[in-house]
Amino acid sequence: MTAPMRMSHFFLKTLREAPAEAELPSHQLLLRAGLVMPLAAGLYCFTPLGWRAMRRVEDLVREEMDRSGAQELRLPALQPVELWKRSGRNETFGSVLFRVTDRRERSFVLAPTHEEAISALASSQVQSYRDLPMTLYQFQQKFRDEPRPRGGLIRLREFCMKDAYSFDLDWETLDDSYRAMFQAYTRIFDRAHVPAVPVEADSGAIGGKDSQEFIYLNSNGEDEILLCPSCDYAANAEKATFRAEPPVESDPAEMKKVETPEVRTIANLSTFLGIEERQTVKGVFYEVDSEPVFVAIRGDLEVNETKLRNLLKAIELEPMDDAAVLRTGLVAGSASPVGLEGIRVVADKSVKEAINLVGGANEPGKHILNLNYGRDWTASVVADIALAKAGHRCPNCEGQLEVRSGMELGHVFKLGTSYAEALDVQFLNKEGERRTAVMGCYGIGIDRLLAAILEANHDEDGIVWPRVLAPFDVHVVVLGGDDPEVAQALAQLEAELGETQLEALVDDRDESPGPKFKDADLLGMPIRLTVSPRALSQGGIEFRERSSRESEIVPLEKVIERIQKGTD
RNA sequence: CGGGGUGUAGCUCAGCCAGGUAGAGUGCUUCGUUUGGGACGAAGAGGUCCCCGGUUCGAAUCCGGGCACCCCGACCA
């Protein structure tokens, strides 16, 4: 039971125009509706209205987490750097970690995520198989020194994340914990009216098994997603696999060096020799943790740097610059894995299966015909390191993959034992043997989810809040407040609303009707009630739904009933 | 970190090229009118022209350096 909030006293300023810095619809709405104010790049103040919205989102997520059996707790954001050294992530997170020093010169980090802290807690508390399985979660501010914060609440330097961690006896019971969380996420995005789809995701260098992201497909997203229109295959481009065109069939032939003047690219080469790009092999050079690496891949494909990074367990990986290419003695434009010495060679599986490929001769202006893996050259590792692209064949069916952009709203991930090992989360099983807990982690960015909700729920006039998330349930527009009949009707309405759980925002400002209606549309509460002499003369007050824009006159004594009808 | 753009009133922007009293719309304050879709009239308040330095009699404007913000890329367990 809450007293209605009067707008004349509410700390809120709406903007007629969006500030120039905002490009995305969600960013513009956040600023125009006065939900947030930027403090610095990637840092926002939430106003009372914005904070109400955040809390509604948080409450929805909390409800589903609790329903799944997870238990809420709270971990510190400020953590000793030693914890991060134990997990190895002091190095792997690198410059993304915000670092601070206390008065005694001890080093701390502002946590970007909480696997370390939760593992430390679990380590101290978990002793027996009877303690497991369990899933713990929190809402907590995360800090990441992002290279480029962007898009309002899309990518922040400080943000609120719901992060959950499961601890299991083994991989089998982890499957149950994971499934429960997956279902909770499905319900959350459903109820939040954001069409998020699960896609296969990269699990990074940590190892671990299944990893799925919940992606809201949206042209303003920053992740690239490959989707199969014919089946349900969907994967982040970092992870996506595909079936490459089969190699051209032929019998292995003798290697032969040919003159290829001015030919420096695969496109040139295939035109010059009149062959398909898939009949060539190309070399791509990388600098991996300060070591040169030669990547051999079929000419029609490109290297997926995430796959390569994971394969080599690399921290730093970047294309080699020209100076390093010279220093290493590689011949850009005619590079070949054949006869290379003093450099690690990594090959994509596409070149292992192919027969009689054309590759460089490691001499300018020359190439070699009929290269065959195993006979003429080998690599230290052969793996799938190819980048899936639109038009490639789906790994599961005959469909052609399509590419879309999307926003990562949530991530569920079977972590495995790496953190539990590093931080000693162990227990005794029934047989009295010491075992390491098997972990999962599950995150949802709350601020980003709020942004996605706005992206998915607005029209040209403003926000259209889903009922469960609206900062207020009802927006009351008062016209002609000096009229005694209006004042009396308003008093009665407010009293009745006060008897319910409904939260109301009452626009009692001394404004003309225009701005009041415009603001009501902009702020987007699900139901607008207009108390005015005109409506009263028609027998009640005007009831209007933001989503349908349909309105009707409802007698005062029926209003509460009318509002509650259709509450989801 | 590389490329591009922008910094002038709370917000949107003009003025800068061609140096000379700091502007408009909107918002805000006051008064009056108005009261169903950003209404009308009148009077006001509001400025470190991003910062530092230089050139000049004189700099929002020209020159040098820096900073911030936005976009693209790189990066992003």
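As the structure is a computational prediction, the values presented were derived from the model and not from experiment. First the proteins, then the strands, lettered A, B, ... as listed; each starts at 1.
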- Item | Pairing partner (Watson-Crick or G-U wobble, both distances under 3.5 angstrom) of B:rU6 | B:rA68
- Please work out if A:S95 contacts a base, only the sugar-phosphate, or nothing of the nucleic acid, heavy-atom cut-off 4.0 Å. nothing
- Sort out the partner of B:rC49 for me: Watson-Crick or G-U wobble, both distances under 3.5 Å, none otherwise. none
- Note on the structure: Testing B:rC69, B:rC76, B:rU35 for proximity to the side chain of A:E21, the answer is B:rC69
- Go through the steps for A:Y165 and A:Y442 under the test side-chain contact (heavy atoms from CB on, under 4.5 Å), then give the verdict. CA-CA 6 Å; A:Y165 306 89; A:Y442 318 90; 5.8 Å; no
- Message: Counting neighbours of CD on A:Q488 that are heavy atoms of other residues, nucleotides or ligands and sit closer than 6.0 Å, is the number greater than 12?
- Response: no
- Message: Does A:E238 reach a base, just sugar-phosphate, or nothing at all? Heavy atoms under 4.0 Å.
- Response: nothing
- Message: Check whether A:F294 forms a cation-pi arrangement with A:R344 (NZ or CZ under 6.0 Å from the six-membered ring centre, at most 45° off the ring normal).
- Response: no
- Partner of A:D521 under salt bridge (charged side-chain N to carboxylate O under 4.0 Å, His left out), picked from A:K516, A:R544, A:R32, A:R549, is A:R544
- Task: Using the C1' atom as the reference point in each nucleotide, state the distance between B:rC11 and B:rG47 in Å, no decimals.
- Result: 15 Å
- From the list B:rC28, B:rC76, B:rG36, which nucleotide is the closest neighbour of the side chain of A:E511? B:rC28
- Query: Considering only B:rA39, B:rA77, B:rG37, which nucleotide approaches the side chain of A:R528 most closely?
  - Reply: B:rG37
- Item | Whole-Å gap separating P (B:rC72) and CD1 (A:I154) | 12 Å
- Message: Looking at A:E224, I'd like to know if its CD atom is crowded, meaning that more than 12 non-hydrogen atoms belonging to other residues, nucleotides or ligands lie closer than 6.0 Å.
- Response: no
- Query: Which nucleotide, in any strand shown, forms a Watson-Crick or G-U wobble pair with B:rC11, with both distances under 3.5 Å?
  - Reply: B:rG25
- If every non-hydrogen atom of A:A520 is compared with every non-hydrogen atom of A:V477, which pair is closest and at what distance? CB-CG2, 4.3 Å
- Item | Sugar-phosphate, base or nothing in reach of A:A20, heavy atoms under 4.0 Å | sugar-phosphate
- Between CG of A:D482 and C1' of B:rU34 the distance, given in whole Å, is 12 Å
- Item | Nearest-nucleotide pick for A:P513, side chain only, options being B:rC69, B:rG37, B:rC76 | B:rG37
- Query: Taking atom P in both B:rG15 and B:rA9, what distance in whole Å separates the two?
  - Reply: 15 Å
- Query: Going by modelled atom types, is there a donor-acceptor pair between the base of B:rG36 and the side chain of A:S532 at under 3.5 Å?
  - Reply: yes
- Query: If you check the A:F517 side chain, which of B:rC71, B:rU12, B:rG36 turns out closest?
  - Reply: B:rG36
- Task: Quote, to the nearest angstrom, the C1' distance that separates B:rG65 from B:rG25.
- Result: 36 Å
- Message: Using a strict heavy-atom distance below 4.0 Å, which residues from residues 537-554 of chain A are in contact with RNA chain B?
- Response: A:E542, A:R544
- Query: Taking 4.0 angstrom as the limit, do A:R562 and A:E552 come out as a salt bridge?
  - Reply: yes
- Rounded P spacing from B:rG37 to B:rC13 in Å: 29 Å
- Task: Round to a whole Å and report the spacing from CG of A:D510 to P of B:rG32.
- Result: 11 Å
- Partner of B:rA18 under the Watson-Crick or G-U wobble criteria, both distances under 3.5 Å, comes out as none
- Query: Is the A:F214 to A:F182 ring centre distance short of 6.0 Å?
  - Reply: yes
- Message: Pairing donors with acceptors under 3.5 angstrom, does anything connect the side chains of A:E116 and A:W84?
- Response: no
- If pairing means Watson-Crick or G-U wobble with both distances under 3.5 Å, then the partner of B:rG41 is B:rC31
- Note on the structure: Out of B:rG73, B:rC11, B:rA77, minimum distance to the side chain of A:R148 belongs to B:rG73
- Message: For B:rC1, give the paired nucleotide (Watson-Crick: N1-N3 plus N6-O4 or O6-N4; G-U: N1-O2 and O6-N3; both under 3.5 Å), or none.
- Response: B:rG73
- Taking the side chain of A:M161 as heavy atoms from C-beta outward, which of B:rA77, B:rC70, B:rC13 is closest to it? B:rA77
- Item | RNA chain B: 5'-proximal contact among A:D461 and A:G42 (nearest heavy atom) | A:D461
- Using a 4.0 Å heavy-atom cut-off across all strands, classify A:G151 as base, sugar-phosphate, or nothing. sugar-phosphate
- Task: Whole angstrom is fine here: how far is it from CD in A:E318 over to P in B:rA74?
- Result: 13 Å
- Message: Please report the distance separating the C1' of B:rC17 from the corresponding atom of B:rG32, rounded so that it comes out in whole Å.
- Response: 46 Å
- Among the candidates B:rA77, B:rC76, B:rC70, find the nucleotide nearest to the side-chain atoms of A:A41. B:rC70
- Item | Test salt bridge (charged side-chain N to carboxylate O under 4.0 Å, His left out) applied to A:D163 and A:K142, step by step | CA-CA 10 Å; A:D163 48 327; A:K142 311 289 184 188; 2.6 Å; yes
- Message: Could you tell me how far B:rG20 sits from B:rA59 if I compare only their C1' atoms? Round to whole Å.
- Response: 10 Å
- Query: Whole Å only: how far is the CZ atom of A:R309 from the P atom of B:rA74?
  - Reply: 12 Å
- Message: Taking B:rA14 as the reference, what is the distance to B:rG54 when you measure between their P atoms (whole Å, please)?
- Response: 30 Å
- Message: Please report the distance, rounded to the nearest Å, between CE in A:M439 and P in B:rA77.
- Response: 17 Å
- Quiz item: cation-pi between A:K414 and A:Y178, 6.0 Å / 45°: yes
- If you measure from the C1' atom in B:rC72 to the same atom in B:rC57, how many Å do you get, rounded? 46 Å
- Which whole-number value in Å describes the distance from A:E222 CD to B:rC76 C1'? 9 Å
With the criterion being N/O to N/O and under 3.5 Å, what pairs connect the protein with nucleotides 45-48 of chain B, and how long is each?
none

- Task: Rounded off to whole Å, could you give me the CG-to-C1' distance for the A:N220 and B:rC71 pair?
- Result: 12 Å
- Query: Between B:rC76, B:rC69, B:rC72, which nucleotide has the shortest distance from any of its atoms to the side chain of A:R150?
  - Reply: B:rC72
- Note on the structure: Of A:K516 and A:G480, the one whose nearest nucleotide on RNA chain B sits closer to the 5' end is A:G480
- When the ring planes of A:F139 and A:Y137 are compared, do they come out parallel, tilted or perpendicular, using 30° and 60° as the limits? perpendicular
- Taking everything shown except A:E485 itself, do over 12 heavy atoms lie less than 6.0 Å from its CD? no
- Item | Nearest listed nucleotide, side chain of A:P147, among B:rA77, B:rC69, B:rC75 | B:rC75
